[in-house]
Amino acid sequence: MATRLQYENSCDVGVFLKLTNKYCLVGQCGSKQFLHTVENRLADHIPVVETSIAGTRIVGRLSAGNKNGLLLPNTCTDQELQQIRNSLPDEVVVQRIEEKFSALGNCIATNDYVALVHPDIDRETEEIIADVLGVEVFRQTVSGNVLVGTYCALTNQGALVHPMTSIADQDELSSLLQVPLVAGTVNRGNECVAAGCVVNDWTAIVGADTTATEISVIESIFALQGSKPSNIINNIRNSIVDNV
């Protein structure tokens, strides 16, 4: 099930959160209400870690990870690296990497088995991604955009991509990722889907502006309520009838 949230005054929750099946990173926030809401949603299942990366709160855009590992940019300080390492489960490998594209979350979209990466990422970085995250790596674009981590939200159940992605591109991406895939938006038409939501195999947190229709698409494609994509319209219709 999806939860609507706002990080202070921003609906771009994916900028300030990194959610996987094994842990959740939260950017340090002045107001603790956001942190408490995330903890209430997740803390019974996975550790929720409030931290900064390179002294900033945009942990979702600066890091990339899955159940096997977490990749951090070389701008991450020793103190931050140690705090994150100490807070995550022992089996999660945390590694800092030298890469010119330091916003790793914008350049890497990954689940527990496959990763899409920026076409110009270093060869050495590509090998580290494959090794630390335990995934098969594909250099790819999403609707012509090189920032695959911004325009693709990905789990082991499904993927949500830029709304202008062509049918041919959707088929190609779905074939690479081996999951069902749909083009859509978050936060009332925002095409930066991974900046506006975070998802894992059993829950989603979306920006406060996300509409009921967008949430129905998200819950359906990521199988968060046992829905199949073909049931999207019926779900929307039923929710309208219930409200009336």
Colleague: Evaluate the side chain to side chain contact (heavy atoms under 4.5 Å, CB included) criterion for residues I58 and I53: first the C-alpha distance (whole Å), next the side-chain angles of each, then the deciding distance (0.1 Å), finally the verdict.
Modeller: CA-CA 7 Å; I58 54 172; I53 296 176; over 6 Å; no

Colleague: Between C152 and A194, what is the shortest heavy-atom contact and its length?
Modeller: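 Residues C152 and A194, closest heavy atoms: O-CB, 3.7 Å.
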
Colleague: If hydrophobic clusters are built from ILVMFWY residues whose side chains come within less than 4.5 Å, do V15 and L62 share one?
Modeller: yes

Colleague: Between the main-chain N or O of L81 and the side-chain N or O of R96, is there a donor-acceptor pair closer than 3.5 Å?
Modeller: no

Colleague: Is it the case that the side chain of D131 and the backbone of E127 share a donor-acceptor pair, with hydrogens and angles ignored and the cut-off at 3.5 Å?
Modeller: no

Colleague: Output the distance between atom CG (L72) and atom CD1 (I97), rounded to the nearest 0.5 Å.
Modeller: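 So the CG of L72 and the CD1 of I97 are separated by 8.5 Å.
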
Colleague: Check whether E214 reaches the backbone of T211 with its side chain - one donor and one acceptor, N or O, closer than 3.5 Å.
Modeller: yes

Colleague: Between L133 and L70, is any pair of side-chain heavy atoms under 4.5 Å apart?
Modeller: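 No, too far: nothing below the 4.5 Å cut-off.
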
Colleague: With a 6.0 Å cut-off (strictly less than), is the heavy-atom count around CZ of R139, excluding the residue itself, greater than 12?
Modeller: yes

Colleague: May I ask you to test the T51-V59 pair for a side-chain heavy-atom distance under 4.5 Å?
Modeller: yes

Colleague: Which heavy atom in N145 sits nearest to a heavy atom in H162, and how many Å separate them?
Modeller: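 For N145 and H162, the tightest heavy-atom pair comes out as ND2-CD2, 3.6 Å.
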
Colleague: Got a second to check how far L147's CG is from T141's OG1, nearest 0.5 Å?
Modeller: 11.0 Å

Colleague: Is it the case that the side chain of E191 and the backbone of M164 share a donor-acceptor pair, with hydrogens and angles ignored and the cut-off at 3.5 Å?
Modeller: no

Colleague: Assess the residue pair F34 and L17 against the criterion (side chain to side chain contact (heavy atoms under 4.5 Å, CB included)); give the C-alpha distance rounded to whole Å, side-chain angles, the decisive distance to 0.1 Å, and a yes or no.
Modeller: CA-CA 11 Å; F34 179 84; L17 284 174; 3.8 Å; yes

Colleague: What are the two closest non-hydrogen atoms of L176 and Q140, and how far apart are they?
Modeller: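 For L176 versus Q140, the nearest heavy atoms are CD1-NE2, 3.0 Å.
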
Colleague: Heavy atoms, side chains only, cut-off 4.5 Å: are E98 and E124 in contact?
Modeller: no

Colleague: Just so I know, are the side chains of K100 and D122 near enough to count as touching, which here means a heavy-atom distance under 4.5 Å?
Modeller: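 Touching, per the 4.5 Å side-chain cut-off.
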
Colleague: Going by an N to O cut-off under 4.0 Å, is there a salt bridge joining R57 and E8?
Modeller: yes

Colleague: Going through the distances and angles, do N86 and Q82 end up as a side chain to side chain donor-acceptor pair (under 3.5 Å)?
Modeller: CA-CA 6 Å; N86 291 344; Q82 198 57 51; 3.2 Å; yes

Colleague: About how many Å separate OG1 of T37 and CD1 of I205, when rounded to the nearest 0.5 Å?
Modeller: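 It comes to 9.0 Å.
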
Colleague: Out of N200, T20, N156, T155, which one pairs with D112 under the side chain to side chain donor-acceptor pair (under 3.5 Å) rule?
Modeller: N156

Colleague: Test your reading of the model: is there a side-chain donor-acceptor pair from R85 to the backbone of V94, 3.5 Å cut-off?
Modeller: yes

Colleague: Is there a side-chain contact between V114 and V137, using heavy atoms and a 4.5 Å cut-off?
Modeller: no

Colleague: Flag yes if V146 and F101 sit in one hydrophobic cluster, no otherwise; membership is Ile, Leu, Val, Met, Phe, Trp, Tyr, and two members link when side-chain heavy atoms are under 4.5 Å apart.
Modeller: no

Colleague: Report the relative orientation of the aromatic rings in F16 and Y7; use parallel for angles under 30°, tilted for 30 to 60°, perpendicular for over 60°.
Modeller: parallel

Colleague: For residues V193 and N190, report the shortest heavy-atom separation together with the two atoms involved.
Modeller: CG1-O, 4.4 Å

Colleague: Would you find a donor on one side and an acceptor on the other, under 3.5 Å apart, between the side chain of S174 and the backbone of Q170?
Modeller: no

Colleague: Starting from V186, can I reach V182 by hopping between I/L/V/M/F/W/Y residues whose side chains sit under 4.5 Å apart?
Modeller: yes

Colleague: Out of curiosity, L5 CG to C197 SG, how far, rounded to the nearest 0.5 Å?
Modeller: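 Going from the CG atom of L5 to the SG atom of C197 covers 12.5 Å.
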
Colleague: What do you reckon, is CD of Q79 surrounded by more than 12 foreign heavy atoms closer than 6.0 Å?
Modeller: no

Colleague: What I want to check is whether the side chains of S52 and E80 have a donor and an acceptor closer together than 3.5 Å.
Modeller: yes

Colleague: Decide yes or no for I128 and L71: does some side-chain heavy atom of the first lie under 4.5 Å from some side-chain heavy atom of the second?
Modeller: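 Side chain of I128 against side chain of L71, heavy atoms only: contact under 4.5 Å found.
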
Colleague: So, K18 side chain and S63 main chain: donor-acceptor pair closer than 3.5 Å or not?
Modeller: yes

Colleague: Test T150 against R61 for side chain to side chain contact (heavy atoms under 4.5 Å, CB included), laying out the working first.
Modeller: CA-CA 8 Å; T150 303; R61 298 300 86 202; 4.0 Å; yes

Colleague: Is the side chain of N187 donor-acceptor paired with the backbone N or O of C11 at a distance under 3.5 Å, no angle test?
Modeller: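 Yes: the side chain of N187 pairs with the backbone of C11.
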
Colleague: From the options Q157, H45, M1, select the one residue that forms a side chain to side chain contact (heavy atoms under 4.5 Å, CB included) with W202.
Modeller: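 Result: among Q157, H45, M1, H45 is the only option passing the side chain to side chain contact (heavy atoms under 4.5 Å, CB included) with W202.
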
Colleague: Rounded to the nearest 0.5 Å, how far apart are CD1 of I221 and CD1 of I218?
Modeller: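 Result: 11.0 Å between the selected atoms.
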
Colleague: What's the separation between atom SG in C107 and atom CG in L116, rounded to the nearest 0.5 Å?
Modeller: 12.5 Å

Colleague: Given 3.5 Å as the limit, does a donor-acceptor pair link the side chain of T77 with the main chain of A54, or not?
Modeller: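 The answer is no, because no donor-acceptor pair under 3.5 Å joins these two groups.
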
Colleague: Between Y151 and C192, which heavy-atom pair has the shortest distance, and what is it?
Modeller: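 Y151 and C192 have their closest heavy atoms at CE2-SG, 3.9 Å.
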
Colleague: Do N21 and N66 have side chains that get closer than 4.5 Å, going by heavy atoms?
Modeller: no

Colleague: May I ask you to test the V179-L154 pair for a side-chain heavy-atom distance under 4.5 Å?
Modeller: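 In contact.
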
Colleague: Shared ILVMFWY cluster between V92 and V49, side chains joined below 4.5 angstrom?
Modeller: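 In one cluster with V92: V49, yes.
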
Colleague: Are V217 and V206 connected, step by step, through hydrophobic side chains (Ile, Leu, Val, Met, Phe, Trp, Tyr) whose heavy atoms are closer than 4.5 Å?
Modeller: yes

Colleague: When you measure from the side chain of T125 to the backbone of I121, do you find a donor-acceptor pair of N or O atoms at a distance under 3.5 Å?
Modeller: no

Colleague: Dump the intermediate steps for salt bridge (Lys or Arg N to Asp or Glu O under 4.0 Å) on K67 and D201, then the final yes or no.
Modeller: CA-CA 11 Å; K67 70 171 185 180; D201 286 350; over 6 Å; no

Colleague: Is it true that atom CD of Q28 has more than 12 heavy atoms of other residues, nucleotides or ligands lying nearer than 6.0 Å?
Modeller: yes

Colleague: Taking all heavy atoms of C24 and all of V38, pick out the closest pair and write down the distance.
Modeller: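 Closest pair (atom of C24, atom of V38, distance): SG-CG1, 4.1 Å.
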
